[in-house]
Protein chains: 2
Amino acid sequence: MTNPFVDKIRGYAPLSRDDEQLLDDACHQSRSLPPGHDLIREGAPSAVFVVLAGWACRYKMLPDGGRQIIAFMMPGDFCDLHAGVLAEMDHSIATLTKARIATIPRARMEALIDARPSLSKAFWWTQLVDEGVLRATIVSMGRRTTMERVAHLLCELCFRMRNIGLTGDGPYEMPFSQIVLADAVGLTPVHTNRVVKKLREAGALEMRPGSVIVSDLARLAKIAGFDDNYLHGRLNHRSG
Amino acid sequence: MTNPFVDKIRGYAPLSRDDEQLLDDACHQSRSLPPGHDLIREGAPSAVFVVLAGWACRYKMLPDGGRQIIAFMMPGDFCDLHAGVLAEMDHSIATLTKARIATIPRARMEALIDARPSLSKAFWWTQLVDEGVLRATIVSMGRRTTMERVAHLLCELCFRMRNIGLTGDGPYEMPFSQIVLADAVGLTPVHTNRVVKKLREAGALEMRPGSVIVSDLARLAKIAGFDDNYLHGRLNHRSG
DNA sequence: CGATCGGTTGAGTGACGTCAACTTTCGTGG
DNA sequence: CCACGAAAGTTGACGTCACTCAACCGATCG
(Lines give C-alpha, C1' and ligand atoms only; values in the text may rest on other atoms or scores of the structure.)
Protein backbone atom coordinates (compact mmCIF):
# COMPACT_ATOMS: atom_id res chain seq x y z
CA MET A 1 0.00 0.00 0.00
CA THR A 2 2.48 2.64 -1.07
CA ASN A 3 1.07 6.12 -1.29
CA PRO A 4 2.94 8.40 -3.71
CA PHE A 5 1.90 11.45 -1.74
CA VAL A 6 3.47 10.09 1.42
CA ASP A 7 6.56 9.08 -0.54
CA LYS A 8 6.93 12.55 -1.93
CA ILE A 9 6.59 14.29 1.41
CA ARG A 10 9.00 11.84 2.95
CA GLY A 11 11.50 13.06 0.40
CA TYR A 12 11.38 16.50 1.99
CA ALA A 13 11.30 15.78 5.69
CA PRO A 14 11.89 12.88 8.00
CA LEU A 15 8.46 11.58 8.92
CA SER A 16 7.43 9.68 12.00
CA ARG A 17 5.17 6.64 11.68
CA ASP A 18 2.42 8.88 12.95
CA ASP A 19 3.02 11.53 10.34
CA GLU A 20 2.88 8.97 7.59
CA GLN A 21 -0.31 7.52 8.94
CA LEU A 22 -1.90 10.95 9.09
CA LEU A 23 -0.96 11.73 5.51
CA ASP A 24 -2.15 8.42 4.25
CA ASP A 25 -5.44 8.68 6.11
CA ALA A 26 -6.00 12.11 4.65
CA CYS A 27 -6.01 10.51 1.19
CA HIS A 28 -8.59 7.88 1.94
CA GLN A 29 -11.31 9.72 0.09
CA SER A 30 -10.31 9.28 -3.52
CA ARG A 31 -12.02 8.90 -6.87
CA SER A 32 -11.09 7.50 -10.22
CA LEU A 33 -11.62 10.01 -13.02
CA PRO A 34 -11.57 9.86 -16.82
CA PRO A 35 -9.14 11.89 -18.94
CA GLY A 36 -10.02 15.51 -19.50
CA HIS A 37 -11.98 15.86 -16.30
CA ASP A 38 -11.97 19.28 -14.65
CA LEU A 39 -11.23 19.29 -10.94
CA ILE A 40 -11.60 22.83 -9.88
CA ARG A 41 -14.78 24.13 -8.24
CA GLU A 42 -15.59 20.56 -7.53
CA GLY A 43 -16.28 18.48 -4.46
CA ALA A 44 -15.78 20.45 -1.31
CA PRO A 45 -15.68 24.17 -2.06
CA SER A 46 -12.10 24.54 -0.93
CA ALA A 47 -10.09 21.39 -0.87
CA VAL A 48 -6.65 20.14 -1.72
CA PHE A 49 -6.38 17.68 -4.59
CA VAL A 50 -3.70 15.03 -4.56
CA VAL A 51 -2.78 13.00 -7.61
CA LEU A 52 -2.45 9.37 -6.54
CA ALA A 53 -2.23 7.87 -10.01
CA GLY A 54 -2.26 9.22 -13.56
CA TRP A 55 -1.46 12.67 -14.88
CA ALA A 56 -3.07 16.06 -14.47
CA CYS A 57 -2.25 19.65 -15.29
CA ARG A 58 -2.89 23.23 -14.36
CA TYR A 59 -4.00 25.30 -17.30
CA LYS A 60 -5.60 28.52 -18.29
CA MET A 61 -8.04 29.14 -21.11
CA LEU A 62 -7.85 32.43 -22.95
CA PRO A 63 -10.69 34.45 -24.42
CA ASP A 64 -9.70 33.41 -27.95
CA GLY A 65 -10.06 29.75 -27.07
CA GLY A 66 -6.33 29.08 -26.73
CA ARG A 67 -5.12 27.02 -23.84
CA GLN A 68 -1.86 27.32 -21.94
CA ILE A 69 -0.76 24.44 -19.78
CA ILE A 70 1.11 25.90 -16.85
CA ALA A 71 2.31 22.81 -15.06
CA PHE A 72 2.13 19.06 -15.21
CA MET A 73 1.24 16.98 -12.20
CA MET A 74 2.12 13.35 -11.68
CA PRO A 75 1.54 10.93 -8.80
CA GLY A 76 2.38 12.48 -5.47
CA ASP A 77 1.89 16.04 -6.65
CA PHE A 78 -0.84 18.00 -5.02
CA CYS A 79 -2.95 20.57 -6.64
CA ASP A 80 -3.67 23.21 -4.21
CA LEU A 81 -2.89 24.76 -1.01
CA HIS A 82 -4.33 27.87 -2.54
CA ALA A 83 -7.90 27.37 -3.46
CA GLY A 84 -8.93 27.99 0.10
CA VAL A 85 -6.32 30.48 1.14
CA LEU A 86 -6.53 32.92 -1.69
CA ALA A 87 -10.01 33.77 -2.68
CA GLU A 88 -10.19 33.31 -6.42
CA MET A 89 -8.79 30.63 -8.62
CA ASP A 90 -7.24 32.17 -11.67
CA HIS A 91 -6.79 28.92 -13.52
CA SER A 92 -8.11 25.39 -13.71
CA ILE A 93 -6.89 21.88 -13.10
CA ALA A 94 -7.77 18.88 -15.18
CA THR A 95 -6.81 15.26 -15.57
CA LEU A 96 -4.80 14.36 -18.66
CA THR A 97 -5.26 10.62 -18.31
CA LYS A 98 -7.47 8.36 -16.32
CA ALA A 99 -6.42 9.30 -12.81
CA ARG A 100 -7.04 8.62 -9.18
CA ILE A 101 -7.43 11.81 -7.22
CA ALA A 102 -7.72 12.24 -3.49
CA THR A 103 -9.57 15.19 -2.02
CA ILE A 104 -8.43 16.50 1.32
CA PRO A 105 -10.80 18.96 2.95
CA ARG A 106 -9.18 22.27 3.64
CA ALA A 107 -9.87 22.07 7.35
CA ARG A 108 -8.09 18.77 7.61
CA MET A 109 -5.10 20.16 5.80
CA GLU A 110 -5.01 23.13 8.13
CA ALA A 111 -5.15 20.84 11.11
CA LEU A 112 -2.26 18.80 9.79
CA ILE A 113 -0.17 21.88 9.23
CA ASP A 114 -0.88 23.28 12.64
CA ALA A 115 -0.29 20.03 14.45
CA ARG A 116 2.86 18.90 12.68
CA PRO A 117 5.56 21.45 12.02
CA SER A 118 7.60 18.87 10.14
CA LEU A 119 4.78 18.38 7.65
CA SER A 120 4.27 22.08 7.37
CA LYS A 121 7.89 22.55 6.38
CA ALA A 122 7.78 19.71 3.93
CA PHE A 123 4.76 21.25 2.22
CA TRP A 124 6.52 24.55 2.09
CA TRP A 125 9.52 23.00 0.42
CA THR A 126 7.52 21.22 -2.21
CA GLN A 127 6.14 24.63 -2.96
CA LEU A 128 9.62 26.02 -3.41
CA VAL A 129 10.49 23.26 -5.82
CA ASP A 130 7.31 23.88 -7.79
CA GLU A 131 8.27 27.51 -8.00
CA GLY A 132 11.63 26.51 -9.42
CA VAL A 133 9.88 24.54 -12.11
CA LEU A 134 7.77 27.55 -13.02
CA ARG A 135 10.87 29.72 -13.25
CA ALA A 136 12.54 27.23 -15.54
CA THR A 137 9.45 27.24 -17.72
CA ILE A 138 9.61 31.00 -18.03
CA VAL A 139 13.24 30.83 -19.09
CA SER A 140 12.38 28.22 -21.70
CA MET A 141 9.54 30.21 -23.13
CA GLY A 142 11.48 33.42 -23.22
CA ARG A 143 14.89 32.43 -24.44
CA ARG A 144 15.06 28.96 -25.88
CA THR A 145 14.48 27.85 -29.44
CA THR A 146 11.39 25.77 -29.96
CA MET A 147 13.45 22.64 -30.31
CA GLU A 148 15.28 23.27 -27.06
CA ARG A 149 11.99 24.18 -25.43
CA VAL A 150 10.21 20.98 -26.31
CA ALA A 151 13.28 18.94 -25.42
CA HIS A 152 13.64 20.76 -22.12
CA LEU A 153 10.08 20.12 -21.07
CA LEU A 154 10.30 16.46 -21.93
CA CYS A 155 13.58 16.14 -20.06
CA GLU A 156 12.07 17.69 -17.00
CA LEU A 157 9.18 15.27 -17.08
CA CYS A 158 11.51 12.31 -17.52
CA PHE A 159 13.59 13.32 -14.54
CA ARG A 160 10.54 13.85 -12.43
CA MET A 161 9.16 10.48 -13.44
CA ARG A 162 12.40 8.85 -12.46
CA ASN A 163 12.64 10.77 -9.21
CA ILE A 164 9.33 9.42 -8.02
CA GLY A 165 10.07 5.93 -9.27
CA LEU A 166 7.44 5.95 -11.99
CA THR A 167 9.99 4.52 -14.39
CA GLY A 168 13.49 3.14 -14.16
CA ASP A 169 16.21 4.38 -16.46
CA GLY A 170 14.46 2.77 -19.37
CA PRO A 171 12.40 4.52 -22.02
CA TYR A 172 10.09 7.16 -20.60
CA GLU A 173 6.57 7.04 -21.89
CA MET A 174 4.43 10.10 -21.40
CA PRO A 175 0.77 9.48 -22.03
CA PHE A 176 -0.29 12.62 -23.78
CA SER A 177 -0.83 13.83 -27.32
CA GLN A 178 1.12 16.35 -29.32
CA ILE A 179 -1.78 18.71 -28.82
CA VAL A 180 -1.20 18.66 -25.10
CA LEU A 181 2.48 19.12 -25.68
CA ALA A 182 1.71 22.10 -27.91
CA ASP A 183 -0.50 23.65 -25.25
CA ALA A 184 2.36 23.34 -22.81
CA VAL A 185 5.18 24.80 -24.90
CA GLY A 186 3.13 27.60 -26.41
CA LEU A 187 3.23 26.47 -30.03
CA THR A 188 0.60 25.36 -32.50
CA PRO A 189 0.04 21.63 -32.84
CA VAL A 190 1.29 21.77 -36.42
CA HIS A 191 4.58 23.32 -35.56
CA THR A 192 4.97 21.14 -32.50
CA ASN A 193 4.63 18.18 -34.79
CA ARG A 194 7.47 19.43 -36.95
CA VAL A 195 9.70 19.95 -33.95
CA VAL A 196 8.88 16.52 -32.61
CA LYS A 197 9.72 15.09 -36.00
CA LYS A 198 13.18 16.62 -35.82
CA LEU A 199 13.69 15.25 -32.33
CA ARG A 200 12.66 11.86 -33.61
CA GLU A 201 15.08 12.11 -36.50
CA ALA A 202 17.76 13.04 -34.02
CA GLY A 203 17.09 9.74 -32.33
CA ALA A 204 15.91 11.15 -29.03
CA LEU A 205 12.23 10.23 -29.20
CA GLU A 206 9.65 7.88 -30.51
CA MET A 207 5.95 8.50 -30.87
CA ARG A 208 2.80 6.54 -30.60
CA PRO A 209 -0.58 8.17 -31.04
CA GLY A 210 -1.43 9.58 -27.65
CA SER A 211 2.02 9.32 -26.18
CA VAL A 212 5.58 10.51 -26.44
CA ILE A 213 8.36 8.09 -25.65
CA VAL A 214 11.80 9.36 -24.75
CA SER A 215 14.17 6.64 -25.81
CA ASP A 216 17.45 8.49 -25.40
CA LEU A 217 17.34 10.86 -22.47
CA ALA A 218 21.00 11.79 -22.64
CA ARG A 219 20.67 12.90 -26.22
CA LEU A 220 17.52 14.85 -25.44
CA ALA A 221 19.21 16.54 -22.49
CA LYS A 222 22.10 17.55 -24.70
CA ILE A 223 19.77 19.12 -27.23
CA ALA A 224 17.87 20.94 -24.49
CA GLY A 225 20.90 22.11 -22.57
CA PHE A 226 19.13 20.55 -19.64
CA ASP A 227 20.44 20.75 -16.11
CA ASP A 228 18.31 19.06 -13.49
CA ASN A 229 19.59 20.97 -10.49
CA TYR A 230 16.44 23.06 -10.26
CA LEU A 231 14.34 19.99 -9.63
CA HIS A 232 16.17 19.28 -6.39
CA GLY A 233 15.50 15.67 -7.18
CA ARG A 234 15.88 14.10 -3.83
CA LEU A 235 17.02 16.04 -0.84
CA ASN A 236 19.49 14.42 1.47
CA HIS A 237 17.37 13.42 4.40
CA ARG A 238 15.60 10.42 3.01
CA SER A 239 14.94 8.67 6.24
CA GLY A 240 15.37 4.90 6.08
CA MET B 1 10.14 55.04 9.79
CA THR B 2 7.83 52.89 7.75
CA ASN B 3 9.32 49.62 6.62
CA PRO B 4 7.86 48.29 3.37
CA PHE B 5 8.66 44.74 4.35
CA VAL B 6 6.64 45.04 7.54
CA ASP B 7 3.84 46.69 5.58
CA LYS B 8 3.75 43.87 3.12
CA ILE B 9 3.67 41.12 5.71
CA ARG B 10 1.00 43.01 7.60
CA GLY B 11 -1.07 42.72 4.46
CA TYR B 12 -1.11 38.96 4.84
CA ALA B 13 -1.56 38.44 8.55
CA PRO B 14 -2.54 40.43 11.57
CA LEU B 15 0.69 41.30 13.34
CA SER B 16 1.24 42.05 16.97
CA ARG B 17 3.44 44.97 18.00
CA ASP B 18 6.03 42.38 18.87
CA ASP B 19 5.87 40.75 15.46
CA GLU B 20 6.35 44.07 13.75
CA GLN B 21 9.26 44.91 15.94
CA LEU B 22 10.89 41.58 15.18
CA LEU B 23 10.49 42.04 11.46
CA ASP B 24 11.77 45.55 11.52
CA ASP B 25 14.76 44.63 13.65
CA ALA B 26 15.61 41.85 11.25
CA CYS B 27 16.09 44.46 8.53
CA HIS B 28 18.48 46.64 10.46
CA GLN B 29 21.48 45.43 8.53
CA SER B 30 20.98 47.07 5.15
CA ARG B 31 23.14 48.47 2.39
CA SER B 32 22.65 50.89 -0.44
CA LEU B 33 23.64 49.41 -3.79
CA PRO B 34 24.13 50.80 -7.30
CA PRO B 35 22.08 49.63 -10.28
CA GLY B 36 23.13 46.35 -11.82
CA HIS B 37 24.61 44.96 -8.67
CA ASP B 38 24.46 41.19 -8.26
CA LEU B 39 23.19 39.99 -4.89
CA ILE B 40 23.48 36.28 -5.02
CA ARG B 41 26.45 34.48 -3.50
CA GLU B 42 27.06 37.60 -1.56
CA GLY B 43 27.16 38.53 2.07
CA ALA B 44 26.36 35.61 4.31
CA PRO B 45 26.44 32.37 2.37
CA SER B 46 22.74 31.78 2.85
CA ALA B 47 20.67 34.78 3.65
CA VAL B 48 17.36 36.31 2.78
CA PHE B 49 17.44 39.59 0.87
CA VAL B 50 14.72 42.14 1.36
CA VAL B 51 14.20 45.07 -0.96
CA LEU B 52 13.62 48.17 1.16
CA ALA B 53 13.87 50.71 -1.64
CA GLY B 54 14.44 50.57 -5.37
CA TRP B 55 13.92 47.76 -7.84
CA ALA B 56 15.54 44.39 -8.30
CA CYS B 57 14.93 41.28 -10.37
CA ARG B 58 15.52 37.58 -10.55
CA TYR B 59 17.10 36.54 -13.81
CA LYS B 60 18.91 33.77 -15.55
CA MET B 61 21.74 34.06 -18.03
CA LEU B 62 21.92 31.55 -20.84
CA PRO B 63 25.00 30.05 -22.43
CA ASP B 64 24.51 32.20 -25.56
CA GLY B 65 24.63 35.38 -23.48
CA GLY B 66 20.90 35.97 -23.51
CA ARG B 67 19.19 37.03 -20.32
CA GLN B 68 15.72 36.19 -19.12
CA ILE B 69 14.24 38.23 -16.32
CA ILE B 70 11.99 35.94 -14.33
CA ALA B 71 10.47 38.33 -11.83
CA PHE B 72 10.58 41.93 -10.73
CA MET B 73 10.97 42.90 -7.12
CA MET B 74 9.93 46.18 -5.57
CA PRO B 75 10.04 47.51 -2.03
CA GLY B 76 8.77 44.98 0.48
CA ASP B 77 9.51 41.98 -1.72
CA PHE B 78 12.04 39.54 -0.44
CA CYS B 79 14.41 37.60 -2.47
CA ASP B 80 14.86 34.28 -0.99
CA LEU B 81 13.65 31.81 1.42
CA HIS B 82 15.38 29.35 -0.85
CA ALA B 83 19.03 30.02 -1.06
CA GLY B 84 19.62 28.25 2.19
CA VAL B 85 16.93 25.63 2.01
CA LEU B 86 17.55 24.23 -1.40
CA ALA B 87 21.15 23.61 -2.09
CA GLU B 88 21.88 25.28 -5.39
CA MET B 89 20.74 28.57 -6.77
CA ASP B 90 19.67 28.14 -10.33
CA HIS B 91 19.38 31.83 -11.07
CA SER B 92 20.65 35.20 -9.92
CA ILE B 93 19.27 38.32 -8.37
CA ALA B 94 20.36 41.85 -9.22
CA THR B 95 19.38 45.42 -8.54
CA LEU B 96 17.82 47.30 -11.44
CA THR B 97 18.13 50.72 -9.83
CA LYS B 98 19.96 52.17 -6.92
CA ALA B 99 18.46 50.17 -4.11
CA ARG B 100 18.55 49.63 -0.39
CA ILE B 101 18.72 45.96 0.45
CA ALA B 102 18.49 44.33 3.85
CA THR B 103 20.18 41.03 4.52
CA ILE B 104 18.61 38.72 7.05
CA PRO B 105 20.77 35.79 8.09
CA ARG B 106 19.15 32.48 7.44
CA ALA B 107 19.32 31.45 11.08
CA ARG B 108 17.44 34.51 12.13
CA MET B 109 14.75 33.88 9.58
CA GLU B 110 14.41 30.30 10.77
CA ALA B 111 14.08 31.50 14.32
CA LEU B 112 11.35 33.92 13.34
CA ILE B 113 9.44 31.25 11.52
CA ASP B 114 9.69 28.79 14.35
CA ALA B 115 8.78 31.30 17.02
CA ARG B 116 5.88 33.01 15.28
CA PRO B 117 3.33 30.89 13.45
CA SER B 118 1.55 33.98 12.23
CA LEU B 119 4.69 35.18 10.47
CA SER B 120 5.31 31.77 9.06
CA LYS B 121 1.89 31.74 7.48
CA ALA B 122 2.25 35.22 6.13
CA PHE B 123 5.53 34.26 4.46
CA TRP B 124 3.89 31.23 3.00
CA TRP B 125 1.12 33.30 1.54
CA THR B 126 3.40 35.79 -0.07
CA GLN B 127 4.98 32.77 -1.68
CA LEU B 128 1.62 31.70 -3.05
CA VAL B 129 1.05 35.10 -4.54
CA ASP B 130 4.49 35.08 -6.12
CA GLU B 131 3.67 31.75 -7.64
CA GLY B 132 0.52 33.23 -9.13
CA VAL B 133 2.61 35.92 -10.75
CA LEU B 134 4.88 33.31 -12.27
CA ARG B 135 1.92 31.42 -13.64
CA ALA B 136 0.53 34.56 -15.23
CA THR B 137 3.92 35.17 -16.81
CA ILE B 138 3.89 31.72 -18.35
CA VAL B 139 0.46 32.32 -19.82
CA SER B 140 1.64 35.62 -21.28
CA MET B 141 4.70 34.13 -22.85
CA GLY B 142 2.87 31.17 -24.26
CA ARG B 143 -0.34 32.58 -25.59
CA ARG B 144 -0.40 36.35 -25.81
CA THR B 145 0.68 38.54 -28.70
CA THR B 146 3.78 40.59 -28.06
CA MET B 147 1.71 43.71 -27.66
CA GLU B 148 -0.57 42.10 -25.12
CA ARG B 149 2.46 40.63 -23.40
CA VAL B 150 4.27 43.89 -22.92
CA ALA B 151 1.07 45.61 -21.88
CA HIS B 152 0.25 42.83 -19.44
CA LEU B 153 3.60 43.00 -17.72
CA LEU B 154 3.42 46.75 -17.37
CA CYS B 155 -0.11 46.52 -16.00
CA GLU B 156 0.98 44.03 -13.41
CA LEU B 157 3.78 46.27 -12.28
CA CYS B 158 1.46 49.26 -12.07
CA PHE B 159 -1.00 47.40 -9.90
CA ARG B 160 1.72 46.13 -7.66
CA MET B 161 3.14 49.61 -7.30
CA ARG B 162 -0.23 50.90 -6.34
CA ASN B 163 -0.90 48.04 -3.95
CA ILE B 164 2.16 48.86 -1.93
CA GLY B 165 1.53 52.57 -2.07
CA LEU B 166 4.52 53.37 -4.24
CA THR B 167 2.31 55.57 -6.38
CA GLY B 168 -1.20 56.89 -6.25
CA ASP B 169 -3.55 56.53 -9.18
CA GLY B 170 -1.42 58.94 -11.11
CA PRO B 171 1.01 58.12 -13.87
CA TYR B 172 3.17 55.11 -13.07
CA GLU B 173 6.85 55.54 -13.73
CA MET B 174 8.97 52.44 -13.93
CA PRO B 175 12.66 53.14 -13.79
CA PHE B 176 14.06 50.72 -16.30
CA SER B 177 15.15 50.74 -19.91
CA GLN B 178 13.57 49.05 -22.88
CA ILE B 179 16.44 46.61 -22.75
CA VAL B 180 15.32 45.44 -19.34
CA LEU B 181 11.77 45.26 -20.59
CA ALA B 182 12.94 43.16 -23.53
CA ASP B 183 14.77 40.79 -21.22
CA ALA B 184 11.58 40.34 -19.26
CA VAL B 185 9.14 39.70 -22.11
CA GLY B 186 11.47 37.50 -24.10
CA LEU B 187 11.88 39.77 -27.13
CA THR B 188 14.81 41.56 -28.69
CA PRO B 189 15.33 45.19 -27.72
CA VAL B 190 14.64 46.24 -31.29
CA HIS B 191 11.30 44.56 -31.49
CA THR B 192 10.40 45.63 -27.99
CA ASN B 193 10.99 49.17 -29.11
CA ARG B 194 8.52 48.76 -31.96
CA VAL B 195 5.90 47.33 -29.64
CA VAL B 196 6.42 50.13 -27.17
CA LYS B 197 6.04 52.58 -29.98
CA LYS B 198 2.64 51.17 -30.83
CA LEU B 199 1.57 51.34 -27.20
CA ARG B 200 2.69 54.92 -27.14
CA GLU B 201 0.73 55.69 -30.29
CA ALA B 202 -2.27 54.06 -28.65
CA GLY B 203 -1.94 56.64 -25.90
CA ALA B 204 -1.22 54.20 -23.09
CA LEU B 205 2.42 55.04 -22.43
CA GLU B 206 5.09 57.62 -22.49
CA MET B 207 8.82 57.10 -22.50
CA ARG B 208 11.86 58.78 -21.14
CA PRO B 209 15.31 57.31 -21.60
CA GLY B 210 15.69 54.83 -18.77
CA SER B 211 12.05 54.69 -17.82
CA VAL B 212 8.60 53.74 -18.97
CA ILE B 213 5.65 55.83 -17.84
CA VAL B 214 2.16 54.41 -17.91
CA SER B 215 -0.10 57.38 -18.38
CA ASP B 216 -3.37 55.59 -19.08
CA LEU B 217 -3.60 52.38 -17.09
CA ALA B 218 -7.18 51.65 -18.10
CA ARG B 219 -6.28 51.74 -21.76
CA LEU B 220 -3.24 49.58 -21.19
CA ALA B 221 -5.31 47.07 -19.23
CA LYS B 222 -7.80 46.89 -22.04
CA ILE B 223 -5.08 46.17 -24.58
CA ALA B 224 -3.57 43.53 -22.34
CA GLY B 225 -6.83 41.89 -21.36
CA PHE B 226 -5.55 42.37 -17.84
CA ASP B 227 -7.35 41.06 -14.80
CA ASP B 228 -5.67 41.76 -11.49
CA ASN B 229 -7.32 39.00 -9.51
CA TYR B 230 -4.19 36.86 -9.50
CA LEU B 231 -2.29 39.52 -7.59
CA HIS B 232 -4.58 39.19 -4.61
CA GLY B 233 -3.92 42.83 -4.04
CA ARG B 234 -4.74 43.18 -0.44
CA LEU B 235 -6.27 40.43 1.56
CA ASN B 236 -9.05 41.27 3.89
CA HIS B 237 -7.42 41.23 7.27
CA ARG B 238 -5.52 44.49 7.20
CA SER B 239 -5.35 45.09 10.88
CA GLY B 240 -5.84 48.69 11.84
C1' DC C 1 34.04 67.82 -26.61
C1' DG C 2 34.10 63.02 -27.41
C1' DA C 3 32.43 58.52 -25.61
C1' DT C 4 28.90 55.75 -24.18
C1' DC C 5 24.38 54.15 -23.64
C1' DG C 6 19.67 54.04 -24.76
C1' DG C 7 16.58 54.61 -28.21
C1' DT C 8 14.81 54.71 -33.24
C1' DT C 9 14.27 53.27 -37.92
C1' DG C 10 14.86 50.55 -42.33
C1' DA C 11 15.78 46.37 -45.15
C1' DG C 12 16.14 41.57 -45.55
C1' DT C 13 15.69 36.84 -43.63
C1' DG C 14 13.98 33.02 -41.18
C1' DA C 15 10.82 31.04 -38.01
C1' DC C 16 6.30 30.10 -36.79
C1' DG C 17 1.29 30.38 -37.71
C1' DT C 18 -2.62 29.48 -40.81
C1' DC C 19 -5.20 26.90 -43.91
C1' DA C 20 -6.11 22.82 -45.95
C1' DA C 21 -5.76 18.18 -47.44
C1' DC C 22 -4.82 13.57 -46.38
C1' DT C 23 -3.41 9.34 -43.50
C1' DT C 24 -3.47 6.38 -39.58
C1' DT C 25 -5.29 4.63 -35.49
C1' DC C 26 -8.82 3.32 -32.55
C1' DG C 27 -13.32 2.66 -30.76
C1' DT C 28 -18.06 1.60 -31.77
C1' DG C 29 -21.92 -0.55 -33.75
C1' DG C 30 -23.89 -3.04 -37.45
C1' DC D 1 -15.77 -9.33 -39.14
C1' DC D 2 -16.32 -5.16 -41.44
C1' DA D 3 -17.89 -0.18 -41.78
C1' DC D 4 -17.83 4.02 -40.12
C1' DG D 5 -16.53 8.18 -37.63
C1' DA D 6 -13.73 10.65 -34.46
C1' DA D 7 -9.40 12.07 -32.98
C1' DA D 8 -4.41 12.31 -33.58
C1' DG D 9 -0.85 12.88 -36.54
C1' DT D 10 1.49 14.40 -41.03
C1' DT D 11 2.64 17.24 -44.87
C1' DG D 12 2.68 21.26 -48.19
C1' DA D 13 1.90 26.09 -49.58
C1' DC D 14 1.85 30.46 -48.14
C1' DG D 15 1.64 34.69 -45.16
C1' DT D 16 3.06 37.24 -41.16
C1' DC D 17 5.63 38.18 -37.25
C1' DA D 18 9.82 38.71 -34.93
C1' DC D 19 14.96 38.51 -35.41
C1' DT D 20 19.32 40.21 -37.44
C1' DC D 21 22.21 43.58 -39.16
C1' DA D 22 23.20 48.14 -39.63
C1' DA D 23 22.98 52.93 -39.48
C1' DC D 24 21.85 56.98 -37.07
C1' DC D 25 19.94 60.23 -33.25
C1' DG D 26 19.90 62.16 -28.63
C1' DA D 27 21.01 62.51 -24.05
C1' DT D 28 24.24 62.23 -20.28
C1' DC D 29 28.81 62.11 -18.25
C1' DG D 30 33.55 62.50 -17.81
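These numbers come from a predicted model, not from an experiment. Here is how names work: the chains are called A, B, and so on, in the same order as the sequence lines, proteins then strands, and each is numbered from 1.
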Inset, instruction - Applying side-chain hydrogen bond (donor to acceptor under 3.5 Å, both in side chains), run through B/Q127 and A/E131 and close with a yes or a no. - result: CA-CA 9 Å; B/Q127 189 105 32; A/E131 229 184 275; 2.6 Å; yes
Provide, to the nearest angstrom, the distance between the [atom1] atom belonging to [X] and the [atom2] atom belonging to [N].
{"X": "A/M147", "N": "C/dG14", "atom1": "CE", "atom2": "P", "result": "18 Å"}
{"X": "B/M207", "N": "D/dA27", "atom1": "CE", "atom2": "P", "result": "14 Å"}
{"X": "A/E148", "N": "C/dA15", "atom1": "CD", "atom2": "P", "result": "13 Å"}
{"X": "A/E206", "N": "D/dA8", "atom1": "CD", "atom2": "C1'", "result": "18 Å"}
{"X": "B/D64", "N": "D/dC19", "atom1": "CG", "atom2": "C1'", "result": "13 Å"}
{"X": "A/R144", "N": "C/dA15", "atom1": "CZ", "atom2": "P", "result": "19 Å"}
{"X": "B/H191", "N": "C/dA11", "atom1": "NE2", "atom2": "C1'", "result": "15 Å"}
{"X": "B/E201", "N": "C/dG7", "atom1": "CD", "atom2": "P", "result": "17 Å"}

Inset, instruction - Return yes if some donor-acceptor pair links the side-chain N/O of A/R58 with the main-chain N/O of A/C79 below 3.5 Å, else return no. - result: yes
Inset, instruction - Without swapping roles, check the side chain of A/T95 against the backbone of A/A56 for a donor-acceptor pair under 3.5 Å. - result: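 Side chain of A/T95 to backbone of A/A56, a donor-acceptor pair under 3.5 Å: no, none is there.
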Inset, instruction - Return the orientation label for the B/Y230 and B/H152 ring planes: parallel under 30°, perpendicular over 60°, tilted otherwise. - result: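 Taking B/H152 first and then B/Y230, their aromatic rings lie parallel (interplane angle under 30°).
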For [N] and [X] - does any side-chain N or O of the residue sit under 4.0 Å from the phosphate oxygens OP1/OP2?
{"X": "B/T188", "N": "D/dC19", "answer": "yes"}
{"X": "B/N193", "N": "C/dT8", "answer": "yes"}
{"X": "B/R149", "N": "D/dA18", "answer": "no"}

Legend entry - With B/F176 via ring pair (Phe, Tyr, Trp, His ring centres under 6.0 Å) - residues at least two apart: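 By the ring pair (Phe, Tyr, Trp, His ring centres under 6.0 Å) rule, B/F176 matches B/W55, B/F72.
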Inset, instruction - Determine the sole option in A/I70, A/V133, A/I138 for which the side chain to side chain contact (heavy atoms under 4.5 Å, CB included) test with B/L134 is passed. - result: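 Exactly one option meets the side chain to side chain contact (heavy atoms under 4.5 Å, CB included) with B/L134, and it is A/I138.
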Inset, instruction - Mind jotting down which residue pairs meet the salt bridge (charged side-chain N to carboxylate O under 4.0 Å, His left out) criterion with at least one end in residues 62-75 of chain A? Sequence neighbours excluded, please. - result: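 Residue pairs passing salt bridge (charged side-chain N to carboxylate O under 4.0 Å, His left out), neighbours aside: A/R67-A/D183.
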Legend entry - Residue pairs passing the salt bridge (charged side-chain N to carboxylate O under 4.0 Å, His left out) test where at least one lies in residues 145-156 of chain A, sequence neighbours excluded: A/E156-A/R160
Legend entry - Ionic contact status for B/D90 with B/K60, cut-off 4.0 Å: no
Give every pair of a protein N or O atom and an N or O atom of nucleotides 12-16 of chain D that lie under 3.5 Å apart, one pair per line with the distance.
{"residue": "D/dG12", "atom": "N7", "partner": "A/R194", "partner atom": "NH1", "Å": "3.3"}
{"residue": "D/dA13", "atom": "N6", "partner": "A/R194", "partner atom": "NH2", "Å": "3.3"}

Inset, instruction - For DNA chain D, find the residues of residues 178-185 of chain A with a heavy-atom distance under 4.0 Å and give them by number; none if there aren't any. - result: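 Listed by number, they are A/Q178, A/I179.
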Taking N or O atoms only and anything under 3.5 Å, show me the protein contacts with nucleotides 24-29 of chain C, one pair per line.
none

Inset, instruction - Establish, yes or no, whether a centroid distance under 6.0 Å links the rings of A/F49 and A/F78. - result: no
Legend entry - Student check: side-chain heavy atoms of B/V180 and B/I69 closer than 4.5 Å: yes
Inset, instruction - Using a heavy-atom cut-off of under 4.0 Å over every strand shown, decide if A/T146 touches base, sugar-phosphate, or nothing. - result: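 Sugar-phosphate contact only - A/T146 comes under 4.0 Å of backbone atoms but never of a base.
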Inset, instruction - Could you tell me whether the side chains of A/Q178 and A/T192 share a donor-acceptor contact shorter than 3.5 Å? - result: no
Legend entry - Toward the 5' end of DNA chain D, by each residue's nearest nucleotide, B/T192 or A/S211: A/S211
